Amino acid sequence: MSKQEVIICHNLNENLNKAIAQCPHDKLFILMDEHTRNLCMPIIAGFACIKEATLICIGAEDVHKNMETLAYVWKELGDNGASRHSLLINLGGGMVTDLGGFAASTFKRGIKYINIPTTLLAMVDASVGGKTGINFNGLKNEVGVFSPAESVLIDTEFLKSLDTKNLLSGYAEMLKHGLISTTAHWAELLNFDFQTVDYKALQTLVAKSVQIKENIVEQDPYEKGIRKALNLGHTVGHAFESLALENNHPVLHGYAVAWGVVCELYFSHLKVGFPKDKLRQTIQFIKEHYGVLPFDCKQYDRLYEFMTHDKKNSAGIINFTLLAEVGDIRINQSATKEEIMDMLDFYRESMGC
Ligand code: GLY
């Protein structure tokens, strides 16, 4: 997989102009959703480099990350004269960058695309690393391809329109990056003040976070080995996300990941000796900022079932990425059903639910 250029922008107009110039094209398209059309498009609408662009707008939120929306984007591209030399810019959160990346990678066997992520989650995770796709048959990201953007332009100015819940959702992936990198970065993440958000400090943290992800993706773009480090918190996190959705109380992805981190760090402590003090401090931060997903022991079997159905797992073996220390990654760790039940007990006791 070719390497994508990830730029932390100080002047989005200049950076976008340069990124577009690096991709010779016959027609330019911009994909956005109903939210980013209103909140983000006005920020770039005056840029000369996009004045000829054809705009494509899709419905917002994960419910639209599906076949129908994908077909609509293909159709809009085709009906508006896109060729295999056209260029697509995805302006939005992870839903837009995932679906837009997939639409671009498949239209006429693949056209180039640029991502401009507008949420923290998309900046530090979804838009970087070349995973694209849609939900299908009730399963998240069930169909997709690895196909990197030409450039990813990260401008933290967009974060100023994001509410605290969405900031925290993205921040959970940053915390994960801290845990798989260094104690110093993990500690600075725990010290960030969400009461009075310092956007300059946040930009520095975002740059570090993206660098951690990029380094891992560069070593293992197709997730054969070390890229599995990025799944920390996600085996249990996805199960929490699915349970919450099934109970008609959907939660933001990053919240589920944060609660998943609580469980998977507990396993890390038990199985590979992750230090108890760092386990305690991380749980304290998560409890304080993300609250708790409440459930009782009657739902343990359902959670276990969700874990067995996760696409990262096969033949009934549930795989975890664990840590022996901050930055000391142990991939392909499995657990028995009894161990998973015990872990869920630990979660409920330590989170007080
Ligand atoms: N979201 C994890 C990855 O990109 O591998």
Side-chain angles (χ1 to χ4, degrees), residues 1-6 62 65 90 92-102 104-105 113 115 117-135 139-152 154 166 168-181 189 206-242 251-261 264 307 310-314 319-323 327 329-333:
M1 189 161 74
S2 57
K3 190 175 179 323
Q4 57 190 190
E5 189 183 29
V6 182
D62 214 54
K65 193 176 169 181
N90 297 316
M95 181 273 193
V96 171
T97 61
D98 278 10
L99 186 143
F102 189 43
S105 309
Y113 73 98
N115 280 340
T118 57
T119 63
L120 187 55
L121 191 64
M123 287 180 193
V124 297
D125 192 22
S127 73
V128 178
K131 284 187 178 176
T132 71
I134 55 164
N135 304 333
L139 297 165
K140 281 173 73 78
N141 302 325
E142 178 72 348
V143 181
V145 290
F146 284 101
S147 168
E150 295 301 307
S151 307
V152 181
I154 296 177
N166 277 288
L168 278 165
S169 180
Y171 203 82
E173 297 287 358
M174 291 172 66
L175 186 60
K176 176 197 79 182
H177 290 159
L179 283 161
I180 62 174
S181 61
L189 287 165
V206 167
K208 282 190 192 176
S209 207
V210 170
Q211 190 60 54
I212 292 162
K213 176 156 185 183
E214 267 193 284
N215 287 347
I216 287 180
V217 172
E218 213 176 320
Q219 292 171 58
D220 175 25
Y222 298 108
E223 201 170 305
K224 303 273 184 251
I226 194 62
R227 186 167 181 165
K228 292 181 187 173
L230 299 173
N231 295 334
L232 177 71
H234 285 65
T235 301
V236 182
H238 282 154
F240 284 160
E241 205 173 354
S242 302
V251 293
L252 292 176
H253 175 70
Y255 278 65
V257 170
W259 298 320
V261 163
E264 296 183 23
M307 287 180 224
D310 194 298
K311 65 175 165 304
K312 297 188 294 300
N313 301 315
S314 56
N319 271 307
F320 293 90
T321 293
L322 302 182
L323 299 176
I329 300 153
R330 307 294 166 93
I331 60 170
N332 299 332
Q333 304 287 319

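Just so you know, ligand 1 is whichever comes first in the structure, and atom 1 is the first atom listed for that ligand. From a predicted model like this one, the values you see are computed outputs, not experimental measurements. Heavy-atom basis, side chains included; hydrogens, waters and symmetry copies ignored.
A donor-acceptor pair under 3.5 Å links the side-chain atoms of Ser169 to the main chain of Gly254, judged by distance alone. Side chain of Asn115 to backbone of Ala149: no donor-acceptor contact under 3.5 angstrom is found. Panel note: side chain Glu264, backbone Val236; a donor-acceptor pair is recorded below 3.5 Å.
Residue contacts with ligand 1 for Glu173 are absent, since no atom lies close enough (heavy atoms, distance under 4.0 Å). Heavy atoms of Arg227 found under 4.0 angstrom from ligand 1 belong exclusively to the side chain.
Between Lys213 and ligand 1 there is a heavy-atom distance shorter than 4.0 Å.
Set against the non-hydrogen atoms of Glu223, the atoms of ligand 1 under 4.0 Å away are 5 (O).
Between Phe146 and Tyr222, the ring planes are perpendicular. Angles over 60° get that label, and only those under 30° would be called parallel. Ring planes of His238 and His253: tilted class, angle from 30 to 60°.
Taking distance alone, with nitrogen or oxygen atoms compared against 3.5 Å, Asp125 approaches ligand 1 more closely than that limit. Considering backbone and side-chain N/O atoms, Lys131 comes within less than 3.5 Å of an N/O atom of ligand 1.
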